[in-house]
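Beneath this line is the structure, given in structure tokens, with notes to follow.
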Amino acid sequence: MAYRGHVAHAPLDLLFADEGAFYDALLRGGVRVLDPKVRSLVRQTAEGPPAGGPIHVVEAAGFHGGCYLAPGEPLPRTLHGVPVVDARPDGETGQGTAGSPADWRSGARRLANGQALPTFVLAYGFAAILLAFVGRLIDNPGAELVGPSSIGKSYLLRLLATIFGDPAWLLACWDATINGLEGPMARADGGALLLDEGSQFLADGGAERRHAMARAMFKLAHGTEKARYGTISVRRRFAFLSSTNVPLSALTAGLPVDEAAGVRVRVLSIPSDAGTGLGVFDRLPPGCATGAEAIAALHAFVGAQHGHAAPAFARRLAACLSAPSGHAWLEDYLARRMRAFERRAGLDRAPPTVARAGQTFALAYAAGCLARRWRLLPLDRIGPLILKVHRRTLAAEADAVPVAGGAPAVIGRYVERHAGALHDLRQGYPNLSADACDAAPGFLQVIDGALHLLLRPARWTAAFGSRGPTLLRDLRQSGHLVARDGLQLQTRVRRLVAKDRVYAIRLDTS
């Protein structure tokens, strides 16, 4: 009997004569079966034709002896010539496919090529399949997409879901209780767990609910179910992604420092607004004239094309693992790619907590490179776009920490962090395109004898997200914001354009 990665043998006659002795014999061989449902399925299989011989019990998706079973995928009758017993949780079948592999690749390229967040999300989906081959990842990787409503973050969850199957089947909502997560966790085993609107978990508010959110995040990261009488706790391996309007840093405010820090290091809070006025998109996808059309195109795609990429990726993995040195090659490839990303992102020199959180981005990069190498992810670039998401995340985390001195101190810290990349207009105007101007970390200019930071509105939104309006209000009240056109100022910041709209903030310099 093969079960949970172990194989043991016991006489079939013993199962009918003394079931306890039968499972004691399996236990001596390294296979422990306590779940009554699994025992019942084993007996039903043994009673049916043909009697005798080995069986393979499948309790979860993932790899089974080199064969990958996607979440919800119908099981084959045999694995490696051995009859299969389906012991997966109820309801884990029937997600199916739609469209075609070629159309999925074409649509994915249209919507994700050159787009930071969609690229990361797709790469992260392939990473969910590779967790068994990255030994240094102890916890399940986790992230949340944070941002206001109606910018497309829920559709990014559905975009990831298309790798595995029908988004309507895969996407779950946060339950009111921690134990309510166990059903989605079981279904996601070996793949990705997608949870929409995480802030709903705290609908009732209160300190106890905040503790519950922290415990829920630890549960997802550890992947363990509650131990119950007569069963042993099952470890589920998956990558999880949630959407929310409120970041974890706000939801865990007031918790003990160690508890809040433990959550944040395990779950990334990724800004879902690209800061370009186009929601999750850095630029308009081909064939889209507005941001609304881009979201509509994403909505149409996730409903029409799904379920092809994960099986194709798994077939390539199975072929790789069947080669004499395939397993070693795969682990080495992933390790090298992860190290390359970590060096580029400066994670090899970062504090331990930052380096640990950055492993999720490194794994997504490695998985995306592998899927691209196998021509399953038809994107021109992977690394620079995931690196952009990583940097946005670091900036958002830094700006989420309360700073003594209020909004002016937040701006001062932003200037310190980006000092080497700011354009000093006292030394001349840079030659920048409109996109490069929007993406620039900022400009330094003297106005009325004082040094000011100038930021384009798109950069302001990308840097400060939902805190942006509050910061602008506080800066105006304190007299630090120079505004001659609403909250903005029209002035020159680049060589070939006479005026651009910017936010102009006076810097407190000693």
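Using a 4.5 Å heavy-atom threshold, the side chains of Val502 and Leu455 count as separate. Leu432 is listed as a side-chain neighbour of Phe443, based on a closest heavy-atom distance under 4.5 Å. Between Gln359 and Glu342, some side-chain heavy-atom pair lies under the 4.5 Å cut-off. Taking 4.5 Å as the limit, every side-chain heavy atom of Leu453 sits out of range of all side-chain heavy atoms of Tyr503. Residues Tyr414 and Pro441 are in side-chain contact: their nearest non-hydrogen atoms beyond the backbone lie under 4.5 Å apart. Here the side chains of Thr491 and Asp500 are not in contact, with every heavy-atom distance at 4.5 Å or above. When side chains are defined from C-beta on, Leu425 counts as touching Val493, because their heavy atoms get closer than 4.5 Å.
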**Prompt:** Are Arg266 and Asp139 close enough, and set up right, to give a salt bridge (Lys or Arg N to Asp or Glu O under 4.0 Å), and what steps lead you there?
**Reply:** CA-CA 8 Å; Arg266 288 171 171 83; Asp139 290 326; 3.2 Å; yes
**Request:** Let me see the working for Asn431 and Arg494 under side chain to side chain donor-acceptor pair (under 3.5 Å), right down to the final yes or no.
**Result:** CA-CA 6 Å; Asn431 187 13; Arg494 46 186 170 142; over 6 Å; no
**Asked** Under the side chain to side chain donor-acceptor pair (under 3.5 Å) criterion, do Ser243 and Asp196 qualify, and how do the steps go?
**Response** CA-CA 5 Å; Ser243 69; Asp196 204 7; 2.3 Å; yes
**Request:** Could you check Arg506 against Asp448 for salt bridge (Lys or Arg N to Asp or Glu O under 4.0 Å), going step by step and ending with a plain yes or no?
**Result:** CA-CA 10 Å; Arg506 190 186 79 245; Asp448 297 332; over 6 Å; no
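What you find for Tyr333 and Ala366 is that their closest heavy atoms are CE2-O, 4.1 Å.
Remark: side-chain polar atoms of Ser106 are not paired, donor with acceptor, to backbone N or O of Ala102 under 3.5 angstrom. In this structure, the side chain of His306 does not engage the main chain of Leu159 through any donor-acceptor pair within 3.5 Å. His452 contributes a side-chain N or O that, together with a main-chain N or O of Ala450, makes up a donor-acceptor pair within less than 3.5 Å. Side chain of Arg215 to main chain of Phe218: no donor-acceptor pair is present (N/O by atom type, distance under 3.5 Å, no hydrogens or angles).
From Leu379, atom CG reaches atom CZ of Arg372 across 7.5 Å, with rounding to the nearest 0.5 Å. Residue Asn140 holds its CG atom at 7.5 Å from CE of Met185, rounded to the nearest 0.5 Å. Leu111 contributes atom CG, which lies 8.0 Å from atom CD of Gln115 (distance to the nearest 0.5 angstrom). If you take CZ on Arg158 and CG on Asp166, they are separated by 10.5 Å, rounding to the nearest 0.5 Å. Rounding to the nearest 0.5 angstrom, the gap separating the CG atom in Leu363 from the OH atom in Tyr124 is 8.5 Å.
For Asp438 and Arg501, the salt-bridge test fails: no basic side-chain N is under 4.0 Å from an acidic carboxylate O.
Ring-centre distance between Phe120 and Phe361: below the 6.0 Å cut-off.
Other residues, nucleotides and ligands contribute only 12 or fewer heavy atoms inside 6.0 Å of the CZ atom of Arg283.
Arg344 forms no cation-pi arrangement with Phe341, by the criterion of a distance under 6.0 Å to the ring centre and an angle within 45° of the ring axis.
Between the side chains of Thr244 and Glu144, no donor N or O sits under 3.5 Å from an acceptor N or O.
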